**Student:** 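There's a structure below that I have some questions on.
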There are 2 protein chains.
Amino acid sequence: MKITAMQEYGLRCILQLAARKPSTSHMTVREIAKQEHLTPVYVAKILVTLRRGGLVKSIRGVNGGYALSRPPREISAARVLAVLGKVDLGKNLCKRFPGMSSHCTHSGDCRIRPLWYVLTQYIYNFLDRLTLDQLIQEEAGVSREIRRLQNQNPLPAPKTPALV
Amino acid sequence: MKITAMQEYGLRCILQLAARKPSTSHMTVREIAKQEHLTPVYVAKILVTLRRGGLVKSIRGVNGGYALSRPPREISAARVLAVLGKVDLGKNLCKRFPGMSSHCTHSGDCRIRPLWYVLTQYIYNFLDRLTLDQLIQEEAGVSREIRRLQNQNPLPAPKTPALV
DNA sequence: CCGATACTTGACTAATTTGTCATATTTCGA
DNA sequence: TCGAAATATGACAAATTAGTCAAGTATCGG
């Protein structure tokens, strides 16, 4: 179980934009890359993904750059991670067995399907409540904020089907 | 955020062993492969990983096979996943930046480090309580069991540092 | 002790994910 | 209108992960 590089770096990049005052102001790829110690080309690629996901908007030409398309308070960590790479805890794995059969015999009574399902819900419940404006506080504040979130209620209601 | 193929298939394979009555009896690679619709060679590779992680033991020679090294009740989902592939939500990503610098400037005040840390704790808290004997029940039972686990307490105490 | 069965090992190939490069397009300002 | 500064795009190269192959070692039964 791991987070992809795109998710890690993409979250860092969008947090650079979110931390900007005002958050509607824009920042060039070069600036973001410098802050995050990434190559500008790579950051450019990541930002295109974020743009296609509707989380940032680009301004082209001289004095161009990127800015958030919505205020930090309206963007959740769950959404950012979903845009940067599907969250997939085995749900679709039944379809891609290697070699032999293309049919998942577990379909009727699968031992681990409910596990992936509930675990995804569980994680989503956490990330969906965490917004960018909570993450741009100083480190200690972030920890406090996160811990507060956790202590709300464990799983309020399985409202959303998945981390997509 | 995704689970690796090894984790998915490895968990399925060890559940085959756990479901065996008695759970100390053994099963050949061929049998497991047939049940899970995987190739025997691939299952063999997965089982070697599980053996090296101390979760199963092998019996060589004719009439050989694999068996759990401990009762299903004493093996958690967290342990199985950890043996099959490190659970790594960005903790170590600071070290492997591409290109430019090899030093993480976030070390002092990192915005997403606390996120990965607490999220890992959160997930671990869930998976650590879920044992193989809970997972080998019929599907409906598994869902019920999982839901019960969730409703215990959200985060009892950050006892274990990580999902390793 | 020989052969069949089953696990062991390491090297190899294939697929996916990461990251780079070259080139095109947009915009501003002199 | 031309050049500099910026994003856009698709093809490519590198690294990692997935899965296969072949040749080995252990054990049992006859």
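Keep in mind that what you see is a predicted model, and the values were worked out from it rather than measured. Quick note on labels: first sequence line is chain A, next is B, and so on, each numbered from 1.
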**Student:** Does anything in residues 17-28 of chain B come within less than 4.0 Å of DNA chain D? Heavy atoms only, and list the residues if so.
**Tutor:**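 Close to the strand, none.
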**Student:** For B:Thr39 and D:dG19, is the shortest distance between a side-chain N/O and OP1 or OP2 below 4.0 Å?
**Tutor:**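 No, outside the criterion.
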**Student:** Run through B:Ile46, B:Leu132, B:Ile3 and flag the one making a side-chain contact (heavy atoms from CB on, under 4.5 Å) with B:Leu11.
**Tutor:**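 Only match with B:Leu11 under side-chain contact (heavy atoms from CB on, under 4.5 Å): B:Leu132.
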**Student:** Tell me, do A:Thr4 and B:Met1 make a side-chain contact under 4.5 Å, heavy atoms counted?
**Tutor:**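 No, side chains not in contact.
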**Student:** Whether the side chain of A:Gln7 engages the backbone of A:Leu81 through a donor-acceptor N/O pair (distance < 3.5 Å, no angle test) should be reported.
**Tutor:**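 Yes; judged by distance alone, with no hydrogens or angles, the pair exists.
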**Student:** Which pairs with one or both residues in residues 58-69 of chain B pass salt bridge (Lys or Arg N to Asp or Glu O under 4.0 Å), sequence neighbours excluded?
**Tutor:**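 For residues 58-69 of chain B, and leaving out neighbouring residues, there are no salt bridge (Lys or Arg N to Asp or Glu O under 4.0 Å) pairs at all.
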**Student:** Nearest whole Å is fine: how far is D:dG10 P from A:Tyr42 OH?
**Tutor:**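 The answer, rounded to whole Å, is 19 Å.
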**Student:** Below 4.5 Å, heavy atoms only, C-beta onward: do A:Gln121 and A:Tyr117 meet side chain to side chain?
**Tutor:**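 Touching, per the 4.5 Å side-chain cut-off.
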**Student:** Kindly say if B:Ser58 contacts the phosphate of C:dT8, meaning a side-chain N or O under 4.0 Å from OP1 or OP2.
**Tutor:**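 For B:Ser58, the contact criterion (side-chain N or O under 4.0 Å from OP1 or OP2 of C:dT8) is met.
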**Student:** Does anything in residues 18-28 of chain B form a side chain to side chain donor-acceptor pair (under 3.5 Å)? List the pairs, not counting sequence neighbours.
**Tutor:**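 Found B:Thr28-B:Glu31.
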**Student:** Return the value, rounded to whole Å, for the distance between atom CZ of A:Arg30 and atom P of D:dA5.
**Tutor:**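 It is 9 Å, rounded to the nearest whole Å.
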**Student:** Identify which nucleotide among C:dT8, D:dC21, C:dG19 has an atom closest to any side-chain atom of A:Tyr9, counting heavy atoms from C-beta outward.
**Tutor:**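 Closest nucleotide to the A:Tyr9 side chain: C:dG19.
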**Student:** Closer than 3.5 angstrom, by distance alone: can the side chain of A:Glu36 be matched with the main-chain N or O of A:Tyr9 as a donor-acceptor pair?
**Tutor:**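 Between the backbone of A:Tyr9 and the side chain of A:Glu36 there is no qualifying donor-acceptor contact (under 3.5 Å).
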**Student:** How close or far is atom P of D:dA6 from atom CD1 of A:Ile32, stated in whole angstroms?
**Tutor:**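 Atom-to-atom, A:Ile32 to D:dA6, this comes out as 12 Å.
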**Student:** For residues 60-71 of chain A, which residues have at least one heavy atom under 4.0 Å from DNA chain C?
**Tutor:**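 Contacts with DNA chain C under 4.0 Å: A:Arg60, A:Gly61, A:Val62, A:Asn63.
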**Student:** Side-chain contact test, heavy atoms from C-beta onward, threshold under 4.5 Å: evaluate it for B:Leu47 versus B:Ser58 and give yes or no.
**Tutor:**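 Contact flag for B:Leu47/B:Ser58 side chains = no.
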**Student:** Identify, residue by residue, the members of residues 46-55 of chain A with a heavy atom below 4.0 Å from DNA chain D, and return them in order of residue number, or none.
**Tutor:**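 The stretch gives A:Val48, A:Arg51, A:Arg52 as the residues lying under 4.0 Å from the strand, ordered by number.
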**Student:** In degrees, rounded to 10°, what is the bend between the two ends of the helix from C:dC1-D:dG30 to C:dA30-D:dT1, using five pairs at each?
**Tutor:**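 Comparing the first five pairs with the last five, the axes sit 0° apart.
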**Student:** Rounding to an integer number of Å, can you tell me how far A:Met6 CE sits from C:dT16 C1'?
**Tutor:**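 From A:Met6 CE to C:dT16 C1': 14 Å.
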**Student:** Is there a side-chain contact (heavy atoms from CB on, under 4.5 Å) between A:Ile123 and B:Phe126 once you walk through the steps?
**Tutor:** CA-CA 10 Å; A:Ile123 294 172; B:Phe126 179 85; over 6 Å; no
**Student:** Just jot down the side-chain contact (heavy atoms from CB on, under 4.5 Å) partners of B:Ala19, sequence neighbours excluded, or say none.
**Tutor:**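 If we apply the side-chain contact (heavy atoms from CB on, under 4.5 Å) test to B:Ala19, skipping adjacent residues, the hits are A:Arg111, B:Ile136.
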**Student:** Hey, does B:Ile32 have a side-chain heavy atom less than 4.5 Å from the side chain of B:Val29?
**Tutor:**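 No, side chains not in contact.
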**Student:** Show every salt bridge (Lys or Arg N to Asp or Glu O under 4.0 Å) that has at least one partner inside residues 41-56 of chain B, sequence neighbours left out.
**Tutor:**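 The answer is none; no pair qualifies.
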**Student:** Within the side chain of B:Tyr122, is there an N or O that forms a donor-acceptor pair under 3.5 Å with the backbone of A:Tyr122?
**Tutor:**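 Present.
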**Student:** Pair up each side-chain donor or acceptor in residues 65-76 of chain B with any protein partner under 3.5 Å, not counting sequence neighbours, and list the distances.
**Tutor:**
{"residue": "B:Ser69", "atom": "OG", "partner": "B:Gly54", "partner atom": "O", "Å": "2.7"}
{"residue": "B:Ser69", "atom": "OG", "partner": "B:Leu55", "partner atom": "O", "Å": "3.0"}
{"residue": "B:Arg70", "atom": "NH1", "partner": "B:Glu74", "partner atom": "O", "Å": "3.3"}
{"residue": "B:Arg73", "atom": "NH1", "partner": "B:Asp133", "partner atom": "OD2", "Å": "3.2"}
{"residue": "B:Ser76", "atom": "OG", "partner": "B:Arg79", "partner atom": "N", "Å": "3.1"}

**Student:** Please tell me if the side chains of B:Leu130 and A:Leu115 come closer than 4.5 Å, counting only heavy atoms from C-beta onward.
**Tutor:**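 They are in side-chain contact.
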**Student:** Give the C-alpha distance, both sets of side-chain angles, the deciding distance and a yes or no for side-chain contact (heavy atoms from CB on, under 4.5 Å) between A:Leu119 and B:Leu127.
**Tutor:** CA-CA 9 Å; A:Leu119 183 55; B:Leu127 294 175; 4.0 Å; yes
**Student:** Grab the CD-P distance between B:Glu8 and D:dA18 for me, whole Å please.
**Tutor:**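 Checked: the CD to P distance equals 11 Å.
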**Student:** In whole angstroms, how far is the C1' atom of C:dT8 from the NZ atom of B:Lys57?
**Tutor:**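 Taking atom C1' of C:dT8 as the reference, NZ of B:Lys57 is at 19 Å.
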**Student:** Nearest-Å distance, CD (B:Glu31) to C1' (C:dC7)?
**Tutor:**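 One finds 14 Å between C1' of C:dC7 and CD of B:Glu31, rounded.
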**Student:** Please tabulate, one pair per line, each protein N/O and nucleotide N/O from nucleotides 13-17 of chain D that are separated by under 3.5 Å, including the distance.
**Tutor:**
{"residue": "D:dT17", "atom": "OP1", "partner": "A:Lys2", "partner atom": "NZ", "Å": "2.9"}

**Student:** 5'-most contact on DNA chain D: A:Lys45 or A:Val29, nearest heavy atom basis?
**Tutor:**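 First, find each residue's nearest nucleotide; the 5'-ward one identifies A:Val29.
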